[in-house]
2 protein chains.
Amino acid sequence: MTKDHVTLKDIARIAGVSTATASLALSGDSRVNVKTRRAVEEVAKRLKYVPNEIGRSLRAKKAETIALIFPNTTHFAFSHPYFVQLLEGITEVLVENSFHLLLSTAPSEADEAAAYDKILRNRRADGIILWPASIRDRNIQRIVESGYPVVYLGKWHHDEVVTVEREEFGGAYKATEHLIKQGRRKLVMISGPLDYQVSIERVEGFKRALQDHQILFEPWMVVEKDFSMEAGVEAANELLESGHRFDGIFAANDRMAIGAMKGLQQAGITIPGDVAVVGCDNIEMAAMTSPTLTTIDQPMREIGAIAARKLIALLNREDIGEKQTVVPSQLIIRESCGAEA
Amino acid sequence: MTKDHVTLKDIARIAGVSTATASLALSGDSRVNVKTRRAVEEVAKRLKYVPNEIGRSLRAKKAETIALIFPNTTHFAFSHPYFVQLLEGITEVLVENSFHLLLSTAPSEADEAAAYDKILRNRRADGIILWPASIRDRNIQRIVESGYPVVYLGKWHHDEVVTVEREEFGGAYKATEHLIKQGRRKLVMISGPLDYQVSIERVEGFKRALQDHQILFEPWMVVEKDFSMEAGVEAANELLESGHRFDGIFAANDRMAIGAMKGLQQAGITIPGDVAVVGCDNIEMAAMTSPTLTTIDQPMREIGAIAARKLIALLNREDIGEKQTVVPSQLIIRESCGAEA
DNA sequence: TGGGTTTATTAAATCGATTTAAAAGATAGG
DNA sequence: CCTATCTTTTAAATCGATTTAATAAACCCA
């Protein structure tokens, strides 16, 4: 390392001005003489000067960075196929605004409280996009209500909090209603873990659709599983073994739906002949299964983009528009529900 | 905001010492009197002091942060299901070492050069984990050979560069050989884009396996596609339309393999009866298809962890062990190849 | 030409921590 | 009691940029 790094000081020295002038010149301040500015710019360009953002951040008291936090209790969210879409939506907007993205996870549930506290205070990020966790996770509450700029990717129980959420209830309702319209009335649902708000809402949507069509809901109709494909297989087996008759399944995500189809088919049950299946998420695979999977499309990319935009607006103290945004979901009709597409 | 943020100065003032002593005390320096240290610690704890890492970074000239860079030409890599596993492996190690992870993407190919230059110089990250891009991407070369601490996730053409790579050639070889051992000799390969080193190596592995078993290779045996499921379907159709006979397919990833199976089945071809299929990656879905997919397991989580560990060692000027690491892949036998598992 | 503006430039403070070198205080030995 | 040594503490510099307030220079008009 002959020399380390070219700093503003170097530029100033070589251009024969003070660092103040150099700084002002590079920021295009009108106070500095055009000729001087040109000279400074020329030197900066020649030396390939790139400002040290750490120094800049310290002075500006902002990091131009936002953190995407995954609470420990959602660690498995990482395996969600659409996590990547969310990320794409977020980065797209951040790049446009010259922001950086810090990905944050806690080492373990025990360290979690401390870890979040640090994120909130060490000033490495200016704001947070928060992925929902178990409703039992106390840390979430701490972050959301800390006054720190936060966008929460789900429903929150009071409306001061900025949220961007999928249409969970409505999506589940649409899916269930679609099954009913196909003439299925003996419906069951494969739910995700019920300590997640998301799961609760989807179950509510399912129930409401039944109710609106005069179908009596009974507790056995909901099987609680963990979102994985393997769990979908198990759910199918358990339902079959239970002896209850059913002719339609709404699964809270495509992975479980695909697992369930696998389980049913292995038991010799035809889809959609014997049982119709509707999933949720519209992952790439949903178009590849046999039969292809009818599902609810959740525009995760858009959600990421909206969340990022709101957070940046929040940081810039600009108008963020509506505080709560619900991004509509859409029913994608394929083969597994027995409808004409 | 009654008051903004508690700083070291506050701690020092309240504990009745200088900031120097406070800093020394909190870092456990032996020079400060035990009693003083206790007092300072007590105040820090009471006020929930968390050091501003921006200030610390500026002074220390390091950010305790590494960047994971996705070149623009690999943007679609984001959709790789195992991207998430890579991320998990990386974050696991980073968290252990109190490092942060910055996710970096360039807005467009045009801005790419400038964007990387900035990452290299703005000191926001101390080192880089670099995902491979098209071999035509000139920016990659710039980063790798910049002297900046870099771990490259692929093969590089000279051995000064620290790399962690999957056993691409070997994996493809194993997959192909397995097909041959099942009695298939009319083999084809569905490859990823051939301007990727990864693709080239997998094709080489395929060719070598043919050669070692006295099967003549011909150019039509390799179909170049873009890694998506949809592309797999197309590949199958093109192969069928070409009129060439084949009884075995090696696909360079599971997504294309799954698409190809779909395409074949739609054309009434049975798997593995008429055509055996082997994929690559072992994504969750591979265990759910009908038939289940034989594939090559690529331990992405481990690769991420190793890469992160090496990079941190590099930053700490510790011994990093071997500069080039090849993580072995493993053949996972399921139904699609017609073998007894 | 001199007083009043305008225009350009810069010295110095600042952000929040760390670290060095120097000062102050305590202790011991003669 | 005085010097030498050891232990603690602190003032001040530093990291790299930005910004304010002050100064310097140029310009204008009577």
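Chain letters run A, B, ... following the sequence lines, proteins first, then strands; residues in each count from 1.
- Both key distances under 3.5 Å define a Watson-Crick or G-U pair, and stretches of 3 or more such consecutive pairs in DNA chain C run C:1-30 with D:1-30.
- To the nearest angstrom, P of C/dG16 lies 8 Å from NZ of B/K9.
- A/D10 has its CG atom 9 Å from the P atom of D/dG16, to the nearest Å.
- The NZ-C1' distance, from A/K62 to C/dG16, rounds to 18 Å in whole Å.
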Using atom names, set out every protein N or O paired with an N or O of nucleotides 18-20 of chain C below 3.5 Å, distance rounded to 0.1 Å.
residue	atom	partner	partner atom	Å
C/dT18	OP1	B/R56	NE	3.0
C/dT18	OP1	B/R56	NH2	3.2
C/dT18	OP2	B/S23	OG	2.9
C/dT18	O2	B/R59	NH1	2.5
C/dT19	O4'	B/R59	NH2	3.4

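- With sequence neighbours excluded, the residues satisfying side-chain hydrogen bond (donor to acceptor under 3.5 Å, both in side chains) with A/Q141 are A/E145.
- Put simply, CG on A/N52 is 17 Å from P on C/dA17, counting in whole angstrom units.
- With sequence neighbours excluded, no residue satisfies salt bridge (charged side-chain N to carboxylate O under 4.0 Å, His left out) with A/R138.
- Not a single ring pair (Phe, Tyr, Trp, His ring centres under 6.0 Å) links A/Y148 to another residue, sequence neighbours left out.
- In the region residues 32-40 of chain B, proximity to DNA chain C at under 4.0 angstrom, judged on heavy atoms, holds for none of the residues.
- Atom CZ of B/R13 is separated from atom C1' of D/dT10 by 17 Å (rounded to the nearest Å).
- Contact annotation: B/K61 reaches the phosphate of D/dG16 (side-chain N/O to OP1 or OP2, under 4.0 Å).
- With sequence neighbours left out, the salt bridge (charged side-chain N to carboxylate O under 4.0 Å, His left out) criterion links B/E64 to no other residue.
- Taking A/T65 as the reference, B/R124 meet the side-chain hydrogen bond (donor to acceptor under 3.5 Å, both in side chains) condition, with sequence neighbours excluded.
- Between B/R123 and A/E53, no side-chain nitrogen of the basic residue sits less than 4.0 Å from a carboxylate oxygen of the acidic one, so the salt-bridge criterion is not met.
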For residues 33-50 of chain B, run the donor-acceptor check on the side chains, cut-off 3.5 Å, and write out each pair with its distance to 0.1 Å, sequence neighbours left out.
residue	atom	partner	partner atom	Å
B/N33	OD1	B/K35	N	2.7
B/R37	NE	B/E41	OE2	3.4

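- At whole-Å resolution of the value, CG in A/D29 and P in C/dT10 are 14 Å apart.
- For B/Y152, the ring pair (Phe, Tyr, Trp, His ring centres under 6.0 Å) partners are B/W156, not counting sequence neighbours.
- Not a single salt bridge (charged side-chain N to carboxylate O under 4.0 Å, His left out) links A/D126 to another residue, sequence neighbours left out.
- Between the CZ atom of A/R124 and the C1' atom of C/dA17 there is a distance of 13 Å, rounded to whole Å.
- For the side-chain hydrogen bond (donor to acceptor under 3.5 Å, both in side chains) test, no residue two or more places apart in sequence or in another chain qualifies with A/S104.
- Protein atom CG of B/N122 is 13 Å distant from nucleotide atom P of D/dG16, rounded to whole Å.
- For B/S18, counting side-chain heavy atoms from C-beta on, the closest listed nucleotide (D/dA17, D/dT10, C/dC15) is D/dT10.
- When atom types are taken as modelled, the side chain of A/K310 and the backbone of A/E322 share a donor-acceptor pair closer than 3.5 angstrom.
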